[in-house]
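Along the sequence shown, residues carry numbers from 1. Ligands are counted one by one from 1 in listed order, and the atoms in each one are counted from 1 as well.
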Amino acid sequence: MLTFKNRTALVTGAGRGIGRAIAETLARQGVTVICVSKSAESCGATAAAITAAGGRAKALAVDVADGAAIAKASEELLKEFPVIDILINNAGITRDGLLFRMSESDWNDVLTTNLTSCFHWTKLIARPMTRARWGRIVNIASVSGVMGNAGQANYSAAKAGMIGLTKTLAREFASRSITVNAVAPGFIKTDMTAGFSGDAEIAAKILETVPLKRFGESAEVAAMTAFLCSEEAGYITGQVFNVDGGMAM
Ligand code: NAP
């Protein structure tokens, strides 16, 4: 059992997959969770499931690719929750393709959704955290940002950017007891990877690169993330934790 002292968390991309698992895991630890996703239906479903299980949650539909929408949502949220203690930057998309075939809009969409969103959310949510002198920020990066991956120039650049941001903010916020870490998942079974985990031939090729020879579960990423948000993880900052079946060693 981890220790959480009446904390509130905001999880982006909480409607499905890894983000939903993180939201549900934190809620089971007694954390009040603000579930953000693009569509009201998906964050609403996560918040309803948490509430039905006896937890506390609020759903909020925000397009994280829109900085002005993030600013408006944060302003409203901070009236209701003067301090959001835990921020999980998890929302992400892929628009894969080899560099010569990658359009500028595919580049920009991935950078804006995956990386620039972290800049906006962190800038707004971390300010009250600094006054409270306690906070946890976890950025969900990727093994692609650690190792690179052919066909994902935009995505691996965004994820490597999240790792650089993590290390810099860990240094900027350390004096306020705010830790900032990144989790880098490998191939996790979610809607994002359904295209290849569901195809036996592609799956077999991918699993050749995974020492543990299986796809990961969202709950396995959530467990690491929840630990990093706990009291017990207070001396860990600026680190990247690979949850990838041993891909990046
Ligand atoms: P997913 O199943 O596709 O879910 C993505 C979530 O992000 C959804 O809730 C979606 O909202 C939300 N989202 C996407 N664009 C958004 C936007 N513009 N505004 C607000 N919310 C937005 O993805 P996942 O596999 O759980 O991935 C979660 C994170 O882990 C991503 O950052 C991904 O890059 C990273 N990751 C995943 C894997 C993997 O193998 N699955 C591996 C490494 C890293 P809606 O529900 O409303 O559509």
Do we see a donor-acceptor contact under 3.5 Å between the side chains of [X] and [Y]?
X	Y	value
Ser42	Ser37	yes
Thr166	Asn139	yes
Gln239	Asn181	no

Would you check, one step at a time, whether the test side chain to side chain contact (heavy atoms under 4.5 Å, CB included) holds for Thr179 with Ile137?
CA-CA 6 Å; Thr179 67; Ile137 300 171; over 6 Å; no

Which protein residues have a heavy atom under 4.0 Å from ligand 1?
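Correct list: Gly13, Gly15, Arg16, Gly17, Ile18, Ser37, Lys38, Ser39, Ser42, Val62, Asp63, Val64, Ala65, Asn90, Ala91, Gly92, Ile93, Thr113, Ile140, Ala141, Ser142, Tyr155, Lys159, Pro185, Gly186, Phe187, Ile188, Thr190, Asp191, Met192, Thr193.
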
Just one of Val210, Leu207, Ile188 clears the side chain to side chain contact (heavy atoms under 4.5 Å, CB included) bar with Phe215, so which one?
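Considering Val210, Leu207, Ile188, a side chain to side chain contact (heavy atoms under 4.5 Å, CB included) with Phe215 is found only for Leu207.
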
Side chains of Glu172 and Ile178, heavy atoms from C-beta outward: is any pair under 4.5 Å?
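No - every pair of side-chain heavy atoms lies 4.5 Å or more apart.
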
